[in-house]
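The basis for the numbers below is simple: all heavy atoms, side chains too, and nothing from hydrogens, waters or symmetry mates. Throughout, a chain's letter reflects where its sequence line sits, starting with A, and its residues are numbered from 1.
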Protein chains: 2
Amino acid sequence: MLEGTSTYVNMVTVDVKQIDVCCAPVVASPLSDAEAEELAAAFKVLSDPVRLRLFSLIAADPEGEVCACEVVDVLDRSQPTISHHLKVLHEAGLLDREKRGTWVWYRAVPARLAGLREALSPPRRRR
Amino acid sequence: MLEGTSTYVNMVTVDVKQIDVCCAPVVASPLSDAEAEELAAAFKVLSDPVRLRLFSLIAADPEGEVCACEVVDVLDRSQPTISHHLKVLHEAGLLDREKRGTWVWYRAVPARLAGLREALSPPRRRR
DNA sequence: CTCTAACATCGACGTAGATCGATATATGAC
DNA sequence: GTCATATATCGATCTACGTCGATGTTAGAG
């Protein structure tokens, strides 16, 4: 839900996937091919150090949001590279994006992170 | 600690690094360069669908351990490819490895998964 | 010893992706 | 309108890595 991508009719539409809780716990039962693809794609987004630092920078910010202009100079990468990584994080549902005038502000999406954490959760205790 | 890798003597052994809790929560404070590198490397291991299915297959097994010979035919990959992925998972500390005769048995390492889950945890509540 | 099966290693190939400079687009100031 | 700044897109380059066939290694059976 949310994030509607294309509305009702979506013919091909590779994604729609990423959204939401993402996946059942890896440890609970063997992942299907589709589940594995989806989860792997999510972790791939987190598998780059620059993206991790970008996300961390924004998620840990006391104001709760950060202007892109602030992070461009912090890490040792060019502006196009930073822009690229922010886009990847946004498309993965990890960052919310809001344009105000010339600037773009980013906020972390805690629910998305929680979804990934769920996938790493231990199985339900049996009694 | 734990995770002794090969028993006492292990000569070359590139790692030793990865071990343990891995990283402070991403959301708590901005990651350092080193922390980001380490965490990214960990997530990279989980960013391949075949590896995820392999790990899931083993972690979800009721016996708690799985022979490599059982998983070779399950996924649609060659034996060298499966062997490669099992090695990556083992070196990342996600799988324990025990050779018995001709066969090799793998077990999931829950603590390692918990470490990664920690890194995705929300920050401590303030009061 | 020979033979066979399980697993690992090697080398090569193909694709994905991180990076940058150049350039395009958008917004506000003047 | 012009100009400057913030951000996005494009195209090219370089490297990382998933994959496989061929081959090597180890272990048990006979």
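Arg53(A) is linked by a side-chain hydrogen bond (donor to acceptor under 3.5 Å, both in side chains) to nothing, counting only residues two or more places apart in sequence or in another chain. In this structure, the side-chain hydrogen bond (donor to acceptor under 3.5 Å, both in side chains) partners of Ser32(A), at least two apart in sequence or on a different chain, are Glu35(A). Judged as a ring pair (Phe, Tyr, Trp, His ring centres under 6.0 Å), and not counting sequence neighbours, Tyr106(B) has no contacts. The side-chain hydrogen bond (donor to acceptor under 3.5 Å, both in side chains) search around Ser78(A) returns Thr81(A), not counting sequence neighbours. The side-chain hydrogen bond (donor to acceptor under 3.5 Å, both in side chains) search around Glu65(A) returns Arg100(A), Arg107(A), not counting sequence neighbours. Remark: Ala60(B) engages Pro30(A) in a side chain to side chain contact (heavy atoms under 4.5 Å, CB included) (not counting sequence neighbours).
The ring pair (Phe, Tyr, Trp, His ring centres under 6.0 Å) pairs that include a residue from residues 49-84 of chain B number zero, where partners must be two or more places apart or lie in different chains.
Whole-Å rounding puts the His90(A) NE2 to dT7(D) P distance at 15 Å.
Non-hydrogen atoms lying under 4.0 Å from DNA chain C are contributed by nothing in residues 54-61 of chain B.
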Using a 3.5 Å cut-off and no angle test, enumerate the donor-acceptor pairs between side-chain atoms of residues 68-76 of chain B and protein atoms at least two apart in sequence or in another chain.
none

Can you give one letter per nucleotide of nucleotides 17-30 of chain D, 5' to 3': B if a protein heavy atom sits under 4.0 Å from the base, S if only from the sugar-phosphate, - if neither? SSBBBB---SSS--
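Of all nucleotides in DNA chain C having an atom under 4.0 Å from a heavy atom of chain B, the first and last in 5' to 3' order are dA6(C) to dT9(C).
Under the 4.5 angstrom side-chain criterion for Ile, Leu, Val, Met, Phe, Trp and Tyr, Val109(A) has no cluster partners at all.
In this structure a side-chain-to-backbone donor-acceptor pair under 3.5 Å is missing from Arg51(B) to His85(B).
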